[in-house]
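To start, the structure itself, in structure tokens.
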Amino acid sequence: MKERYEPKDVELKWQQKWSGAGAHNTDIDNEKPSFYCLEMFPYPSGKIHMGHVRNYAIGDVIARYKKMRGFNVLHPMGWDSFGMPAENAAIKNKVHPAKWTYENIESMKMQLNRMGFSYDWRREVATCSPEYYRWNQWLFLKFLERDLAYKKKSFVNWCGSCETVLANEQVIDNRCWRCDSVVVQKELEQWFFRITKYAQELLDGCDELKGWPERVVAMQKNWIGRSEGVEADFAIEGSDEKIRIYTTRPDTLFGATFVCIAAAHPLSTKFIPEEKLSGLKAIYGDVEKKEGIFTGRYAVNPVNNEKIPIYAANFVLMEYGTGAIMSVPAHDQRDFEFAKKYNLPVRTVIVKGKTDMPFELKEAFEDDGYLVDSAQFSGMTSSEARQSIGKFLEGKGLGKVTVNYKLRDWGVSRQRYWGTPIPVIYCEKCRAVPVPEKDLPVILPENIEFTGKGGSPLVDASEFLHVKCPACGGSARRETDTMDTFVDSSWYFVRYCSKKDEHPFIKENINAWMPVHQYIGGIEHAVLHLLYSRFFTRVMRDLGLFSFNEPFENLLTQGMVCKETYRCPEHEWLFPEESDNGSCVHCGRDVEKGRVEKMSKSKKNVIDPDELINRYGADTIRLFSLFAAPPEKDLEWSDQGVEGAARFLNRIWTIVNKNSSAVSAIEHIDIQSLSPQAAGLLRKTHQTIRKVTTDIEREYHFNTAIAALMELINEISPFTPISGDDKKVLVFSLRSMLMMLAPFTPHIAEELWQAMGSSTSIFSEAWPKWDDDLAKENEVELVVQINGKLRAKLSAPVGLMDDDAAKMALEDEAVKSFITGKEIKKVVVVKGRLVNIVVV
RNA sequence: GCCGGAGUGGCGGAACUGGUAGACGCAAGGGACUUAAAAUCCCUCGAUGCCCAGCAUCGUACGAGUUCGAUUCUCGUCUUCGGCACCA
């Protein structure tokens, strides 16, 4: 064993040994309980960043810990490898996206291995490989069969300069993220997944997500956005047509003084000339503006037959509800503003409690209250009236009670090359025809030119494009859109259950592992990826592929990795070395230092994991990132903190080095013969095992678990054994410490384990057990309070009776001086901990 | 606006179901070893006051409340972060 700890040698050695021995491979084992530990797979950008390191370090600790606890642990890794960056690289650097992607995968895989993560690489998947995406296509066909995939015209974000559709996330301040030109709404035929069919189920299922952070569940509920309300028909004066409106406030129906319809509503088009309407459409969705155009028509309120004007308004959304609303300015702030602008009447029909409303409203009154001026409904509370008016309208055939969701169907078409081809063929005669299952996969052609112009390059791939119709054999053309990459990641967790050369939907494989016991990833996926995966899981269930409802039993959303930033008023973000004692090296201005921000290239506060590994080794990086903050909170990177972690590992190395010759059988320790120091160390060791174990079990509190290990080393460090049994205690203590350290810093733990004389891997050891009796202190500190204030600390025997504790406290000299001449009203005793004497 | 968090030393963070606030680490200061430095080891380290070996008072964003006792529970206020946002 070397005197100096050299992480590079140690880590490489064990990575090779583990990999050679297939130490991280897992097969179904009915003897052991299974545990599926999964971290969100990365996009292969080419280099891992600290966010990955943190995410995967957390996952690796859990996987290794569970393994030592006797679980059969599935811990796979793969690549979310379709997507825009590969295509952009192709356009910019003339590299084929496939080449670029697979090279990135290779280099990132190497980096992950250098971190010592325990993945079963036999199960690796890359979503861009035909053997993976053929199942995207297969699922797409199943969706089609079940009417869960459909095509419709819809408005999409369109960048005219790049000639492509943009996802909402790619539109920043209404401009294209790439070329900065203004994004317009364009109507296109797109494929959609009918996620709305599962809206209620996905909402109800939220109650099953007991192992998820509350805020993620709240965000999902919010996104689904269920609201209960009423649809009501307003007749149009002088017309047979009606306007159907949606409201969640039927209790305010008598206060409606006008009706608003969306600019894209068919009736707007009918009543208003297109040239006038287009101006309104142009400001659709502009939160700053509330504008409308009078249609010249009047609607009839179904409850009081009142005639009220109909406006087309920019703030009414066509996609939500019925695209038409009744406007009640007295009780809705938006309607109030609109009414003020266009001089429309405001009428109060709700009062709060018994007080009258002010004569002139300054803003809408949106709370519930009691109804007035509302015919037979007057006097009711808002909630009573909502029910009664709903029933009344239903009874008269003028409306119905309904539920609306904010959730929209999921548009999955992308006019992009680097994605899964949608398996559909268009034929003049047979229209859209699904590609027969036997013809899957539809392979993405490789021979493509990337110009960066003109939408999907697949349009120019004539061999790909022109095919025979599978139905009639006539000439036909393929769908050239590819799928949103979120489709790929909506079921990859099922794919890992089988080794990759097998069919992904063998029940035996899926049921052996799913649902995922612990999923770990960033909060940024709180809605989209996690919601889509829940949706897919339910569809797959309905396809009979398995019978569980939820894919992820427990979810841990780790915090971001942050670092302090340097900012110059002139030169924006600076690298630390660009700041010379607080002034900018470029212009000499004062640098604002210390704002802690998420690591990002643009803020110039990134740390490259590779450099850190070279300098400190993977174990130190792992240790620091697990110690500096609990997993779910943001982590502030600190170079000095890393040094501290390195120091800790060095101390362990030195201590084991010093004592590695002390190896002895430790089965029977004669407790009676131990020196007081050894007895203390034995106790501390058992206490540490208890603390580390419970800290990991309880919400993965790795930071406090590591702190406990540091306390233990602080106690081991000055210890010198006297007798042979003392020596046994030391060895027991060191072994326990190494085993507990193993999930966090696997390489050094394994190395030192061998140095202490073991010939088998530390990871085949069972997690150490503690003994409550041996962990017990033989004396306790009894705290004495007087009127709640700390006045004395007494040392007392364990198991002291309450009466004796009180007696002991009252007899203490210091305590006496506080209570003489005062009346004791009460003595409170907390068993074995505290006595509080209440005096007046 | 709605929903969800968070506020504790110079800093990151501890404190189980109300019971010694500040574990552990970082930084800082002092000391030992050394020709010197690095490394290592030891000590101090919330604030204030004092007839300082010790003791007292204050202290977990702020203000109330419940309690023998509150970082922890209740109500109100402020600050801050994240998500959604003209969803009728």
Side-chain angles (χ1 to χ4, degrees), chain A residues 4 213-223 225-227 229 245-249 252 260 284-290 313-317 319-328 331-335 337-338 366 404-408 523-524 526-527 559-560 562 564 594 596 623-624 627-630 632-645 647-648 650-651 654 691 694-695 698 701 703-714 717-718 781-793 814 825-831 833-839:
Chain A
R4 262 181 64 95
E214 246 181 80
R215 64 172 175 151
V216 176
V217 177
M219 280 161 81
Q220 295 236 338
K221 284 185 180 170
N222 207 327
W223 189 265
R226 180 189 157 104
S227 80
I245 63 98
Y246 173 72
T247 181
T248 54
R249 293 297 301 274
T252 64
C260 284
Y284 179 71
D286 186 340
V287 191
E288 301 302 311
K289 294 189 176 115
K290 276 189 187 47
N314 76 314
F315 69 91
V316 179
L317 305 175
E319 314 83 67
Y320 186 76
T322 58
I325 59 165
M326 65 161 185
S327 288
V328 186
H331 302 295
D332 183 290
Q333 186 58 26
R334 292 158 303 182
D335 298 345
E337 285 165 26
F338 193 86
E366 296 185 322
N404 258 301
Y405 301 90
K406 289 184 198 172
L407 184 68
R408 304 284 149 74
I523 185 77
E524 67 272 19
V527 184
M560 299 179 298
C562 303
E564 68 176 1
V596 177
L623 186 72
F624 174 73
F627 173 64
E632 70 282 358
K633 285 181 85 175
D634 286 353
L635 170 91
E636 188 188 330
W637 196 263
S638 143
D639 296 333
Q640 282 147 341
V642 179
E643 298 273 357
R647 239 181 333 250
F648 171 65
N650 270 312
R651 284 182 77 193
T654 315
K691 170 123 181 86
T694 51
D695 279 357
R698 180 171 55 92
H701 284 183
N703 55 331
T704 51
I706 293 168
L709 290 169
M710 289 174 169
E711 279 188 62
L712 180 60
I713 199 87
N714 288 344
S717 182
E781 200 174 41
L782 189 67
V783 172
V784 184
Q785 295 181 333
I786 292 161
N787 289 346
K789 278 203 170 122
L790 176 69
R791 292 302 180 192
K793 292 177 184 178
K825 290 208 76 163
K826 195 172 173 184
V827 179
V828 182
V829 182
V830 180
K831 193 156 194 63
R833 299 186 84 154
L834 173 143
V835 177
N836 188 12
I837 303 160
V838 187
V839 295

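Excluded from the calculations below are hydrogen atoms, water molecules and symmetry mates; all remaining heavy atoms, backbone and side chain alike, are included.
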Just call it for [X]: base, sugar-phosphate, or nothing, with non-hydrogen atoms closer than 4.0 Å on any strand.
{"X": "A:Gly225", "value": "nothing"}
{"X": "A:Val316", "value": "base"}
{"X": "A:Thr248", "value": "sugar-phosphate"}
{"X": "A:Asn650", "value": "nothing"}
{"X": "A:Gln333", "value": "nothing"}
{"X": "A:Lys289", "value": "base"}

Nearest-Å distance, [atom1] ([X]) to [atom2] ([N])?
{"X": "A:Tyr284", "N": "B:A85", "atom1": "OH", "atom2": "P", "value": "13 Å"}
{"X": "A:Tyr320", "N": "B:A85", "atom1": "OH", "atom2": "P", "value": "13 Å"}
{"X": "A:Phe624", "N": "B:G25", "atom1": "CZ", "atom2": "P", "value": "14 Å"}
{"X": "A:Asn222", "N": "B:G4", "atom1": "CG", "atom2": "C1'", "value": "9 Å"}
{"X": "A:Glu337", "N": "B:A88", "atom1": "CD", "atom2": "P", "value": "16 Å"}
{"X": "A:Lys221", "N": "B:G5", "atom1": "NZ", "atom2": "P", "value": "12 Å"}
{"X": "A:Gln220", "N": "B:G83", "atom1": "CD", "atom2": "P", "value": "16 Å"}
{"X": "A:Asp332", "N": "B:A88", "atom1": "CG", "atom2": "P", "value": "9 Å"}

Inset, instruction - Begin with the C-alpha distance, continue with both residues' side-chain angles, and end with the deciding distance and a verdict on side-chain contact (heavy atoms from CB on, under 4.5 Å) for A:Asp335 and A:Phe315. - result: CA-CA 10 Å; A:Asp335 298 345; A:Phe315 69 91; 4.2 Å; yes

If you compare all heavy atoms of [X] against all heavy atoms of [Y], which two are closest, and at what distance to 0.1 Å?
{"X": "A:Arg226", "Y": "A:Tyr405", "value": "NH1-OH, 3.4 Å"}
{"X": "A:Ala628", "Y": "A:Leu635", "value": "CB-CD1, 3.3 Å"}
{"X": "A:Cys260", "Y": "A:Phe338", "value": "SG-CE2, 4.2 Å"}

Inset, instruction - Specify the glycosidic conformation (syn or anti) of B:G9, with syn defined as within 90° of 0. - result: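 Syn conformation here, the glycosidic angle of B:G9 being no more than 90° from 0.
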
Inset, instruction - Dot-bracket for RNA chain B, please, read 5' to 3', with Watson-Crick or G-U wobble pairs under 3.5 Å on both distances, ( ) within the strand, [ ] crossing, | other strand, . unpaired. - result: (((((((..(((......[....))).(((((.......))))).(((((...)))))..(((((..]....))))))))))))....

Inset, instruction - Nearest-nucleotide wise, let me know which of A:Val838 and A:Met219 is further upstream toward the 5' end of RNA chain B. - result: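 Whichever sits nearer the 5' end wins; that is A:Val838.
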
Legend entry - 5′-ward residue of the pair A:Asn787/A:Gly321 relative to RNA chain B: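 The residue closer to the strand's 5' end, by nearest nucleotide, is A:Asn787.
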
Could you measure between the two [atom1] atoms, the one in [N] and the one in [M], and give it in whole Å?
{"N": "B:G19", "M": "B:G25", "atom1": "P", "value": "25 Å"}
{"N": "B:C2", "M": "B:A56", "atom1": "C1'", "value": "50 Å"}
{"N": "B:U79", "M": "B:A61", "atom1": "P", "value": "16 Å"}

Inset, instruction - State whether A:Lys826 places a side-chain N or O below 4.0 Å from either non-bridging phosphate oxygen (OP1 or OP2) of B:C68. - result: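 Indeed, a polar side-chain atom of A:Lys826 lies that close.
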
Inset, instruction - Enter the distance from A:Ile325:CD1 to A:Thr247:OG1 here, rounded to the nearest 0.5 Å. - result: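 Result: 8.5 Å between the selected atoms.
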
Inset, instruction - Calculate, to the nearest 0.5 Å, the distance between atoms CD and CD belonging to A:Glu636 and A:Glu564 respectively. - result: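 The distance works out to 7.0 Å.
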
Who are the side chain to side chain contact (heavy atoms under 4.5 Å, CB included) partners of [X], not counting sequence neighbours?
{"X": "A:Lys289", "result": "A:Ile283, A:Asp286, A:Glu291, A:Asn314"}
{"X": "A:Lys826", "result": "A:Val828, A:Val838"}
{"X": "A:Tyr284", "result": "A:Leu317, A:Met318, A:Glu319"}

Legend entry - Residue A:Tyr246, side-chain heavy atoms: nucleotide from B:C84, B:A27, B:A88 that is nearest: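 Between B:C84, B:A27, B:A88, the one nearest the side chain of A:Tyr246 would be B:A88.
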
Legend entry - Summary of protein contacts for nucleotides 12-19 of chain B, nucleotide by nucleotide, where a base hit scores B, a sugar-phosphate-only hit scores S (4.0 Å, heavy atoms): BSS-B--B

What pairs of nitrogen or oxygen atoms, one from the protein and one from nucleotides 53-62 of chain B, lie under 3.5 Å apart?
from	atom 1	to	atom 2	distance (Å)
B:U57	OP1	A:Arg791	NH2	3.3
B:U57	OP2	A:Arg791	NH1	3.4

